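Chain A is the first sequence line, chain B the second, and so forth, proteins listed ahead of strands; every chain is numbered from 1. Remember, predicted model here, so these are calculated numbers, not experimental data.
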Amino acid sequence: MVRGLLIIEFSRGWVGVEVLDSPFQINGRVEHQIFSTFTALGRYFHVHVAVSQRSNKISLWNMEESSVPSPEQKVAASASGPNRQCTETFGEDDGDRNLSGSEQTLDPALLEIKRKWELEQKELKKKISLEDDRNVEKMLSNPDSDTFYVGGMDISFVKGDDVNACAALVVFSFPDLEVVYEDYQMIQLTQPYIPGFLAFREMDFMIQLYNNVKENNTQYTPQVIMVDGNGILHPRGVGSACHLGVLLDVPCLGVAKNLFFIENDIDRNEEHMEQIASLKQSGDTFPLVGSSSGITYGKALKSCEKATKPVYVSPGHKISIDSATELVHRCSKYRVPEPIRQADLNSREYLRVNFKDGS
DNA sequence: GCGACAG
DNA sequence: ATCTTGTCGC
């Protein structure tokens with residue numbers, strides 16, 4: 001029997017609840033499901049929480065007030081109510097619960113890093129080329145006289161673990177779209193995620209993945225790489241696809257599943273929503289033009305018939321906006337183009353199978 | 001000042 | 001980025 005302490009925040013402070021559990025299965029993993037009732041502020045509350053063994057966290061699935069002091073322990077009692085997904089550490093009291101609500105105080109050391117990184121990006125920007133590499137021209141124009149290779153990269157994370165992750169490279173032949181090469185590496189992250197500086201967190205590992213193919217399976221070295229994120233669609237015009245492209249001197253493009261806001265320039269405003277609504281069929285696009293700068297950053301693309309939300313394509317290096325968009329479209333069986341989609345799915349599976357709280 | 005902010 | 005379940009529709 002496991003006991004734990006559930007901390008629920010009320011406007012007036014914190015309330016602790018002692019809970020008992022019962023094991024159950026989710027996706028093959030043993031988890032714990034907990035029902036409990038407690039009183040606070042003179043009222044009764046029923047809570048339904050889950051415990052993840054791997055991350056050692058509990059998450060609140062559902063909580064409702066009741067006039068009855070005894071809970072009804074129905075399985076799957078959490079339908080579609082306002083599921084507050086707050087999580088807290090489960091188990092021994094480690095003393096330091098950093099629960100201060102808004103502790104996003106700007107760290108001066110962080111500001112220093114940002115300044116340094118901005119300078120690096122400024123230098124990198126000078127080297128970006130938005131013209132098609134010869135191989136890009138060939139692969140998009142040649143019917144199927146030759147086989148080319150497109151690589152997709154992605155990194156998957158372990159929930160509740162800010163260090164361990166899995167970096168993936170999956171290479172597809174083009175235009176027939178068959179997997180010809182894949183590589184998954186457990187990695188340890190050292191840098192934080194800061195919007196606008198994603199490359200500094202992930203790029204070293206992607207460079208390593210590229211070097212691996214090039215050295216060990218040269219024949220499958222991709223002529224173009226697709227990155228999960230943005231190319232020039234970025235506040236300083238230097239998204240992670242630009243970093244990778246310039247550092248490797250290889251054609252690179254970014255595919256983002258969400259629009260990256262650029263202050264006073266790119267916004268998810270009403271006009272944008274109308275433009276999305278105007279995308280009719282697979283292959284339809286509209287340009288992403290900065291409202292104040294006039295810069296064309298890339299294109300929003302309806303990548304397949306079923307996709308309701310577009311994908312945001314922008315060149316990183318050695319490829320034009322139009323070619324990047326066409327290539328993404330021709331690689332899309334679903335909303336996310338196959339190279340990135342496979343890298344995403346497979347790296348997640350890799351973590352699930354090979355990573356058990358260590359090793 | 002606050003909120004918004006690729007992965 | 002990460003977690004879950006249920007439901008709808010082709």
### Query
How would you list all residue pairs meeting salt bridge (Lys or Arg N to Asp or Glu O under 4.0 Å) that involve residues 237-251 of chain A, not counting sequence neighbours?
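For residues 237-251 of chain A, and leaving out neighbouring residues, the salt bridge (Lys or Arg N to Asp or Glu O under 4.0 Å) pairs sorted by first residue read A:Asp249-A:Lys318.
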### Message
Show me, range against range, the stems involving DNA chain B, built from at least 3 consecutive Watson-Crick or G-U pairs below 3.5 Å.
### Response
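Stem list for DNA chain B: empty.
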### Task
Please check the phosphate of B:dA6 (OP1 and OP2 only) for any side-chain N or O of A:Arg201 closer than 4.0 Å.
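Looking at the OP1 and OP2 atoms of B:dA6, neither is under 4.0 Å from any side-chain N or O of A:Arg201.
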### Task
Answer yes or no: does a side-chain N or O of A:Lys159 lie under 4.0 Å from OP1 or OP2 of C:dT4?
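No, because none of the side-chain N or O atoms of A:Lys159 sits under 4.0 Å from OP1 or OP2 of C:dT4.
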### Message
For a stem of at least 3 consecutive Watson-Crick or G-U pairs with distances under 3.5 Å, i pairing with j, i+1 with j-1 and so on, which stems involve DNA chain C?
### Response
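Correct response: none, since no qualifying run exists.
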### Pair A:Asn230, A:Tyr312: side-chain N/O donor-acceptor within cut-off below 3.5 Å
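Side chains of A:Asn230 and A:Tyr312: no pair found under 3.5 Å.
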### With A:Lys299, the side-chain hydrogen bond (donor to acceptor under 3.5 Å, both in side chains) member among A:Thr325, A:Asp322, A:Asp284
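Filter result, single survivor: A:Asp322.
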Rounding to a whole Å, what distance do you find between [X]:[atom1] and [N]:[atom2]?
{"X": "A:Leu351", "N": "C:dT2", "atom1": "CG", "atom2": "P", "result": "9 Å"}
{"X": "A:Leu233", "N": "B:dA6", "atom1": "CG", "atom2": "C1'", "result": "8 Å"}
{"X": "A:Asp344", "N": "C:dT2", "atom1": "CG", "atom2": "C1'", "result": "12 Å"}
{"X": "A:Met203", "N": "B:dG7", "atom1": "CE", "atom2": "P", "result": "12 Å"}
{"X": "A:Asn164", "N": "C:dT2", "atom1": "CG", "atom2": "P", "result": "14 Å"}
{"X": "A:Arg236", "N": "B:dA6", "atom1": "CZ", "atom2": "C1'", "result": "12 Å"}
{"X": "A:Arg348", "N": "C:dT4", "atom1": "CZ", "atom2": "C1'", "result": "13 Å"}
{"X": "A:Phe355", "N": "C:dT2", "atom1": "CZ", "atom2": "C1'", "result": "14 Å"}

#### Entry: Over 12 foreign heavy atoms within 6.0 Å of CD, A:Glu131
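Not more than 12 within 6.0 Å, no.
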#### Entry: Flag if over 12 foreign heavy atoms under 6.0 Å of CG, A:Asp146
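Yes, the 6.0 Å shell around CG holds more than 12 heavy atoms from other groups.
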List every contact pair, protein side and nucleotides 2-5 of chain B side both N or O, where the distance is under 3.5 Å.
| from | atom 1 | to | atom 2 | distance (Å) |
| --- | --- | --- | --- | --- |
| B:dC5 | OP1 | A:Arg268 | NH2 | 3.1 |

Could you list who else is in [X]'s hydrophobic cluster, with ILVMFWY side chains joined at under 4.5 Å, directly or through other members?
{"X": "A:Ile128", "value": "A:Leu124, A:Leu130, A:Ile232, A:Val238, A:Val246"}
{"X": "A:Tyr334", "value": "none"}
{"X": "A:Ile321", "value": "none"}

NA contact type, [X], heavy-atom cut-off 4.0 Å: base, sugar-phosphate, or nothing?
{"X": "A:Asn230", "answer": "base"}
{"X": "A:Gly196", "answer": "base"}
{"X": "A:Phe197", "answer": "base"}
{"X": "A:Asp154", "answer": "sugar-phosphate"}

### Task
Apply salt bridge (charged side-chain N to carboxylate O under 4.0 Å, His left out) to A:Arg268 and list each qualifying residue two or more places apart in sequence or on a separate chain.
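With neighbours one apart ignored, the set is empty.
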### Task
Identify whether A:Phe174 and A:Ile319 are in the same connected component of the hydrophobic contact network (ILVMFWY, side-chain heavy atoms under 4.5 Å).
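They do share one cluster, since a chain of ILVMFWY contacts under 4.5 Å joins A:Phe174 to A:Ile319.
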Sequence neighbours left out, cut at 3.5 Å: what donor-acceptor pairs do the side chains of residues 258-266 of chain A make with other protein atoms?
| from | atom 1 | to | atom 2 | distance (Å) |
| --- | --- | --- | --- | --- |
| A:Asn258 | OD1 | A:Lys309 | NZ | 3.1 |
| A:Asp265 | OD1 | A:Ser291 | N | 3.3 |
| A:Asp265 | OD1 | A:Ser292 | N | 2.9 |
| A:Asp265 | OD1 | A:Ser292 | OG | 2.9 |
| A:Asp265 | OD1 | A:Ser293 | N | 2.8 |
| A:Asp265 | OD1 | A:Ser293 | OG | 3.3 |
| A:Asp265 | OD2 | A:Ser293 | OG | 2.6 |
| A:Asp265 | OD2 | A:Tyr297 | OH | 2.6 |

### Task
Kindly compute the distance separating CE (A:Met139) from OG1 (A:Thr147), expressed to the nearest 0.5 Å.
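A:Met139 atom CE to A:Thr147 atom OG1 measures 10.0 Å (nearest 0.5 Å).
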### Task
Would you mind listing every side chain to side chain donor-acceptor pair (under 3.5 Å) that reaches into residues 215-224 of chain A, with sequence neighbours excluded?
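Every candidate side chain to side chain donor-acceptor pair (under 3.5 Å) pair involving residues 215-224 of chain A fails, so no pair, neighbours aside, qualifies.
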Give me, pair by pair, the N or O atoms of the protein and of nucleotides 7-10 of chain C that are less than 3.5 Å apart, along with how far apart they are.
none

Throw together a table of side-chain donor-acceptor distances under 3.5 angstrom for residues 206-214 of chain A, partners on residues two or more places apart or in other chains.
| from | atom 1 | to | atom 2 | distance (Å) |
| --- | --- | --- | --- | --- |
| A:Asn211 | ND2 | A:Ile207 | O | 3.4 |
| A:Asn212 | ND2 | A:Asp183 | OD2 | 3.1 |

